[in-house]
Amino acid sequence: MRILVANDDGIYSPGIAALARAATRFGEVRVVAPDVEQSAAGHSITAARPLTYKRTPVMEELGVEAYRVNGTPADCVALGMFQWERVDVVLSGINLGTNLGHGAWHSGTVAAARQAVLFGVRGIAFSTPVTGDEPDFEALEPHVTSVLDCLLPKDSLELLNVNIPRHPRGMRWTRLAIKHYDGKVVPAQDPMGRQHYWFTVVPIEETEGETDLWAVQYGYTSMTPLLIDVTAHEGLEALRRAAPLEEFDEGPPERPPEPVEEDES
Ligand code: MN
């Protein structure tokens with residue numbers, strides 16, 4: 001099995017070394033990751049300048065080739081899959097900090113896994129909380145292995161968001177905690193007295209059972225299958241019933257379709 005490992009914390013993060021080490025038990029591993037931290041980059045891509053990469057000898061003792069890219073997590077997966085053919089699965093992380101609920105939208109860690117799915121390959125994102133001290137990645141490694149033992153044989157699961165608490169006492173299948181948005185704008189002043197703002201995501205205190213946030217709060221490893229298709233299918237059907245427009249089965253349109261312009265947004 002060919003396993004591409006990426007992240008959003010950058011190639012020098014201890015989290016990606018831990019994930020690469022765990023992955024070597026399951027197949028041939030290659031690391032392609034951003035040269036600097038790209039946390040909260042979401043699914044952005046670098047379209048206005050070229051991408052380059054450099055071999056980086058950070059995981060030689062694992063026998064793993066590693067490359068750092070001057071781009072985003074999604075760029076790293078695209079470039080990694082282009083340069084290394086027949087990748088079977090992309091693993092992303094282990095992120096320093098959880099990616100729970102709406103955080104999955106902002107997360108470069110989740111985006112790297114999602115990018116794999118866009119290219120037709122499975123993607124699994126891993127994150128762990130940071131509270132004070134750096135996570136003990138050596139202690140987490142058997143739990144990462146358990147997750148991979150569980151998930152890798154299930155090839156119907158394309159995109160998974162996994163959050164591993166500090167001392168896991170089991171694993172749970174969960175859904176995203178999306179009842180409240182946990183993004184907050186926090187005003188402050190710089191040392192010169194000028195107003196500025198931090199936009200940050202802070203943990204929601206209370207949550208419903210069986211969500212990812214709930215699982216991690218109660219010490220379980222949370223495994224959430226995610227969809228690529230964010231179409232509101234029920235809403236679409238309701239709109240088609242309530243406000244019927246020209247339907248596709250009425251035959252081909254008289255004019256040829258206009259090209260859809262690709263922009264960089
Ligand atoms: Mn990160």
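Each ligand, and each atom within it, is numbered from 1 in the order the structure gives.
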Under 3.5 Å side-chain donor-acceptor pair for Thr224 and Thr174: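 On atom types as modelled, these side chains qualify, holding a pair under 3.5 Å.
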For the Mn ion (ligand 1), does an N/O/S atom of Ser107 lie at less than 2.8 Å?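 Given the 2.8 Å cut-off, Ser107 does not count as a ligand of the Mn ion (ligand 1).
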From Asn7, does some N, O or S atom reach closer than 2.8 Å to the Mn ion (ligand 1)?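 Looking at Asn7, which is the residue asked about, there is no N, O or S atom under 2.8 Å from the Mn ion (ligand 1).
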When you measure from the Mn ion (ligand 1) to each N, O or S atom of Asp9, which atom gives the shortest distance?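 Closest N, O or S atom of Asp9 to the Mn ion (ligand 1): OD1.
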If you check every N/O/S atom of Asp8, which is the one nearest the Mn ion (ligand 1)?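 Of all N, O or S atoms belonging to Asp8, OD1 is the one nearest the Mn ion (ligand 1).
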Residue among Asn163, Leu140, Ile164 satisfying side-chain contact (heavy atoms from CB on, under 4.5 Å) with Thr221: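 It is Ile164; the other options fail the test.
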Does Arg175 come within less than 4.0 Å of Glu210, counting only side-chain N to carboxylate O?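 Glu210 and Arg175: not salt-bridged.
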Partners meeting ring pair (Phe, Tyr, Trp, His ring centres under 6.0 Å) with His102 (sequence neighbours left out):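 Expected list: Tyr181.
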